[in-house]
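Input: a single structure, listed below in C-alpha cells.
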Amino acid sequence: MEREVRVRFAPSPTGALHIGGVRTALYNYLFAKKTNGKFIIRIEDTDQTRYVEGAEEYIMKSLEWLGITPDESPLIGGDCKPYRQSERKPMYKQYAMQLIEEGKAYYAFDTAEELDAMRQRLEKAKVKNPSYNAVTRTQMKNSLTLPADEVKARLESGEPYVIRIKIPKKEEIRLNDLIRGWVMVHSSTLDDKVLMKSDGMPTYHLANVVDDYLMKITHVIRGEEWLPSAPLHVLLYQYLGWENVMPRFAHLPLLLNPDGKGKLSKRKAKEYGFPVFPLEWKEIDENSKEEIWLPGYKEQGYLPEALLNFLALLGWSPGTNQEIFGIDEMIENFSLERINKAGVKFDIDKAKWFNQQYLRTKSNAELAQYLQAGLKENNVLSAPLTSEKAEKIAELMKERATFPQDFWKEALYLFQTPTEYNEALQQKWTPEVAQVLQEYLKELQNTTIDWNAEEIKHLLHQITDQLQIKIGKVMAAIRIVITGVTAGPDLMMIQEIIGKEELLQRIKNGLAQFHTTTA
RNA sequence: GGCCCGUUCGUCUAGGGGUUAGGACGCAUCCCUUUCACGGAUGAAACACGGGUUCGAUUCCCGUACGGGCUACCA
C-alpha cells in the first residue's frame, strides 16, 4: 500500500529564518499539497547552546506571512507530538541503547583535549582524513577498547560520555536521491559520528532519523549541505531496522551569492542591497556588539505571493514558458523531478520584477490602502485622503510602481509643494515658458472650467495655440515647475489631483524662482 | 588536503544524438508619449575545455578545469 506522503520542514531556532530555508519550506509544502500529503514543521533545537530567543516564533510568523501553512507543528500539534526535539528528549536514548546492544554503537569517554590531540597527531603523521573512525577508535577511550567493568564503572560514576555510531570498515553505502540519482559513498570515508551528546541530547543525525521514522516521514526534502551526511542517515536506518520505511531523499541545490561565491550569506545580501530574511529581525552585531535591525522582505515592500513565485523558480522549472504562478498553479505543476541540480545565484532584479507584476494585478482600492498607510506612517499628510482621491492616485501610479511604498514616495509632489526644482529647469526655461506660464496663470484665475484633466489639457492647449508656441517645447519646464522633477505620470492628471489653488501657487512659485535665479 | 555534488546567454532556465539552441530578468535601439514608466518591436548575448562513442555530439561516456557543499559532543 502506498503510504500517505508526509514531509517536514525542520528548522533550527538559532536565528531568523534564512530565505534559502523559506525556499526549502516552500518546496516541501508544494510537494505535500501536490500529493495530498501532510506538511509538518518540526523544530530542531537539540543544541541548547545555540538557542536564540524568539527565533522559533519568528520562523512560524514568517511562514504564516508567506501562507506556507503546516498541517502539524509545535503550535497546532498533531498525532506525532511533540514537535520540538527538546521536548522529545526522552525518546532518543532507547534507540541509541538499541544500537549499543547490537554492537552498532559504543560509549566514548574522550575529552575535547584528547580528541584534539588525536587530530593533531594524525595531521602530523600526514593522515589524509583525521577522524574518529574504524582505525583510530582502537586507540581512544571507549567501550570498544576499555574493559567491560571499567566502562561500567565510568558510567556509574557519572563520568560524561557520548555515544558514537560504529561505522563499518568496508561497505558501499548508496542512496537514490530523487534529484541527483544514485550517490555512492564508501564507509571508510565516514567517521564515527556522535549520536548522543554528553548533555543527554541527541545530535542532529540521530534525532532526525528517529523523528522522521516516528513521524512517518516519506520524503526528506532539504538543502544540498546535507548530502554528505545522507549516507550516514541511510546507515542509521539500516542499523535501526527501518530500511523498509526509509524516506526518499531529495537534496535541493543551494542558493548562492549573486557573485557565485559561496552560499547566500547575510553579509553579501547586505552588500548587494537585499534582505535575507522574510521579516524584520533584530540581532547583536558580532563586531560592534550593538543591536542592529535588519529589514525583511515584508518591510521592503515585497508581496508574499511575488516572493514565493520568485523563490519557486529558483531551482525548479515547470518545463513551459510560464513564469507567473499563483500558489495553486505552483502546486499543480510542481514535481521534484523537475528540480535542477546546480546551485542557483540569487538575482534580486528578478524578484523586483515579480513584485511589480503582482502589484499590478491588485485593485485600485487595495493599492489605495498602501498609499493611505504610507502617507500616515510617514506623516506626509495630517488627514487621510478621500478614498476617491486615493484610488485616483493609485490608478495614476500603478504602472510605474514596483513596491507599495512607491505609491507615495514616487508621488510626493502630489501632497507637498515642491521647494526645489530639478536643475534641468535652468536649461529648459525659455522666454516661451515664461510667456505660457504667465498667460496660464491669468487664465486659471479667471476660468470656470470643470476641474478635470481633460478640461485642463484643453485650456493649456488653447493658450499655446494662441501664443503660437509648440506645446512640446514648454511641457518639460512646466512639469518641473509643477512637480519639481522631470519625470512622472500624466501632468494633466497631476494638476487635477493637486487642485486649482495649489496649481496657482506652484506656478507663482515657479515664476518667482526663475526671476531670483536668473536675475 | 580528503569526500560528495555540480557546469546551456551576465542571471534564472527550456531543450536534447541532426534545432536558425527557445523563453524570462537585466541591457541596448526603435515605436507609442508632454517626460518617465507601462506596452509593443528589434538586437547583442550561452551549450567550460580535451578526449572518446557515433555517419553526426551541446545532448551519451571518460578525463581536465572551474565552481559549490561537507569535513564539530552545530544544525
Side-chain angles (χ1 to χ4, degrees), chain A residues 10-14 44-47 49-50 85 108 110-112 115 119 123 126-132 160-164 177 179-180 183-186 188-191 193-205 207-208 222-231 251 253-254 256-258 260-263 310 313-324 338 340-354 356 360 397-402 406 410 424 428 457 460 470-480 483 485-492:
Chain A
S12 192
T14 54
E44 310 239 324
D45 54 351
T46 52
D47 186 349
T49 63
R50 292 213 306 160
Q85 290 184 328
D110 315 277
T111 63
L115 290 171
R119 283 192 196 103
E123 258 166 54
K126 300 254 195 289
V127 173
K128 280 171 282 176
N129 191 20
S131 64
Y132 210 117
Y161 66 90
V162 300
I163 296 175
R164 285 181 182 272
D177 189 276
I179 294 171
R180 286 150 213 286
V183 175
M184 267 164 284
V185 174
H186 198 86
S188 61
T189 64
L190 266 33
D191 62 342
K193 279 270 180 298
V194 170
L195 263 21
M196 294 290 294
K197 301 186 268 189
S198 56
D199 64 359
M201 275 290 197
T203 57
Y204 170 82
H205 304 295
N208 136 316
R222 70 218 316 185
E224 193 187 355
E225 70 263 34
W226 293 110
L227 196 51
S229 57
H251 288 94
L254 259 20
L256 269 23
N257 284 316
K261 301 219 180 303
K263 59 175 168 176
F310 165 67
L313 261 18
L314 247 34
W316 170 77
S317 154
T320 63
N321 282 338
Q322 187 181 351
E323 299 230 66
I324 303 291
R338 293 202 61 88
N340 279 306
K341 299 177 178 73
V344 184
K345 295 187 192 81
F346 203 81
D347 177 17
I348 198 64
D349 281 339
K350 191 84 181 238
K352 286 179 185 166
W353 178 78
F354 275 111
Q356 185 190 46
R360 288 169 54 179
M397 299 301 292
K398 198 171 190 165
E399 298 300 310
R400 55 220 316 121
T402 299
D406 293 345
E410 299 298 318
K428 308 251 182 204
K457 185 173 186 175
L460 197 52
K470 277 195 171 173
I471 194 156
K473 289 246 180 200
V474 293
M475 279 299 274
I478 295 174
R479 175 178 288 280
I480 300 174
T483 68
V485 292
T486 56
D490 180 64
L491 192 56
M492 306 308 152

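Note that the structure is a prediction, hence the values are computed from the model and not measured. Throughout, a chain's letter reflects where its sequence line sits, starting with A, and its residues are numbered from 1.
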Please report the distance separating the [atom1] of [N] from the corresponding atom of [M], rounded so that it comes out in whole Å.
{"N": "B/rG16", "M": "B/rU59", "atom1": "C1'", "value": "5 Å"}
{"N": "B/rU7", "M": "B/rC60", "atom1": "P", "value": "10 Å"}
{"N": "B/rU54", "M": "B/rU20", "atom1": "P", "value": "26 Å"}
{"N": "B/rA44", "M": "B/rU53", "atom1": "P", "value": "37 Å"}
{"N": "B/rC31", "M": "B/rU35", "atom1": "P", "value": "12 Å"}
{"N": "B/rU8", "M": "B/rG68", "atom1": "P", "value": "15 Å"}
{"N": "B/rU58", "M": "B/rC47", "atom1": "C1'", "value": "4 Å"}
{"N": "B/rG50", "M": "B/rG10", "atom1": "C1'", "value": "26 Å"}

Under a 4.5 Å cut-off applied to non-hydrogen side-chain atoms, are [X] and [Y] in contact?
{"X": "A/Thr203", "Y": "A/Met196", "value": "no"}
{"X": "A/Lys197", "Y": "A/Ile163", "value": "no"}
{"X": "A/Leu314", "Y": "A/Phe346", "value": "yes"}

Separation of atom [atom1] in [X] from atom [atom2] in [N], rounded to whole Å:
{"X": "A/Asn340", "N": "B/rU7", "atom1": "CG", "atom2": "P", "value": "8 Å"}
{"X": "A/Lys352", "N": "B/rU11", "atom1": "NZ", "atom2": "P", "value": "18 Å"}
{"X": "A/Ile348", "N": "B/rC12", "atom1": "CD1", "atom2": "P", "value": "14 Å"}
{"X": "A/Asp406", "N": "B/rC38", "atom1": "CG", "atom2": "P", "value": "12 Å"}
{"X": "A/His186", "N": "B/rG2", "atom1": "NE2", "atom2": "C1'", "value": "15 Å"}
{"X": "A/Glu399", "N": "B/rG40", "atom1": "CD", "atom2": "P", "value": "11 Å"}

Can you name the nearest heavy-atom pair linking [X] to [Y], along with the distance?
{"X": "A/Pro253", "Y": "A/Glu224", "result": "CA-OE1, 4.1 Å"}
{"X": "A/Gly223", "Y": "A/His251", "result": "O-CD2, 3.5 Å"}
{"X": "A/Thr486", "Y": "A/Ala424", "result": "CG2-CB, 4.1 Å"}
{"X": "A/Thr189", "Y": "A/Asn129", "result": "O-ND2, 3.8 Å"}

Which nucleotide, in any strand shown, forms a Watson-Crick or G-U wobble pair with [N], with both distances under 3.5 Å?
{"N": "B/rC9", "answer": "none"}
{"N": "B/rA57", "answer": "none"}
{"N": "B/rU19", "answer": "none"}
{"N": "B/rC70", "answer": "B/rG2"}
{"N": "B/rG63", "answer": "B/rC49"}
{"N": "B/rA14", "answer": "none"}
{"N": "B/rC27", "answer": "B/rG43"}

Residues that [X] engages under salt bridge (charged side-chain N to carboxylate O under 4.0 Å, His left out), provided they are two or more places apart:
{"X": "A/Asp191", "value": "A/Lys193"}
{"X": "A/Glu323", "value": "A/Lys350"}
{"X": "A/Glu399", "value": "A/Arg360"}
{"X": "A/Asp47", "value": "A/Arg50"}

Run the side-chain contact (heavy atoms from CB on, under 4.5 Å) test against [X] and tell me which residues pass, sequence neighbours left out.
{"X": "A/Asp349", "answer": "A/Asp347, A/Lys352"}
{"X": "A/Pro489", "answer": "A/Leu396, A/Met397, A/Arg400, A/Tyr413, A/Ile494"}
{"X": "A/Glu123", "answer": "A/Pro130"}
{"X": "A/Lys341", "answer": "A/Ile179, A/Arg180"}

Both A/Thr486 and A/Thr189 contact RNA chain B. Which one's nearest nucleotide lies toward the 5' end?
A/Thr189
Heavy-atom nearest nucleotide on RNA chain B taken for A/Val185 and for A/Pro253; more 5' hit belongs to A/Val185
For the side chain of A/Ala487, starting at C-beta, report the closest nucleotide among B/rC3, B/rA14, B/rU35.
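Among B/rC3, B/rA14, B/rU35, the one nearest the side chain of A/Ala487 is B/rU35.
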Pick out the pairs of N or O atoms, protein on one side and nucleotides 41-46 of chain B on the other, that lie under 3.5 Å.
none

For the residue pair A/Phe354 and A/Phe310, does the interplanar ring angle fall in the parallel (under 30°), tilted (30 to 60°) or perpendicular (over 60°) class?
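Correct class here is tilted.
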Would you classify [X] as touching base, sugar-phosphate or nothing, given that sugar-phosphate means primed atoms plus P, OP1 and OP2, and contacts are heavy atoms under 4.0 Å?
{"X": "A/Ala476", "value": "nothing"}
{"X": "A/Arg222", "value": "nothing"}
{"X": "A/Val474", "value": "nothing"}

Counting primed atoms plus P, OP1 and OP2 as sugar-phosphate and everything else as base, spell out the protein contacts along nucleotides 21-33 of chain B at 4.0 Å heavy-atom distance: B, S or - for each nucleotide, 5' to 3'.
-BSBS--------
Indicate for each nucleotide in nucleotides 64-75 of chain B, in 5' to 3' sequence, whether protein heavy atoms under 4.0 Å reach the base (B), only the sugar-phosphate (S), or nothing (-).
---SSBS--BBB
Identify each atom pair where a protein N or O and an N or O of nucleotides 60-63 of chain B are less than 3.5 Å apart, giving names and distance.
none

Give a yes/no answer on whether the side chain of A/Arg360 brings an N or O atom under 4.0 Å of OP1 or OP2 in B/rA37.
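Result: no.
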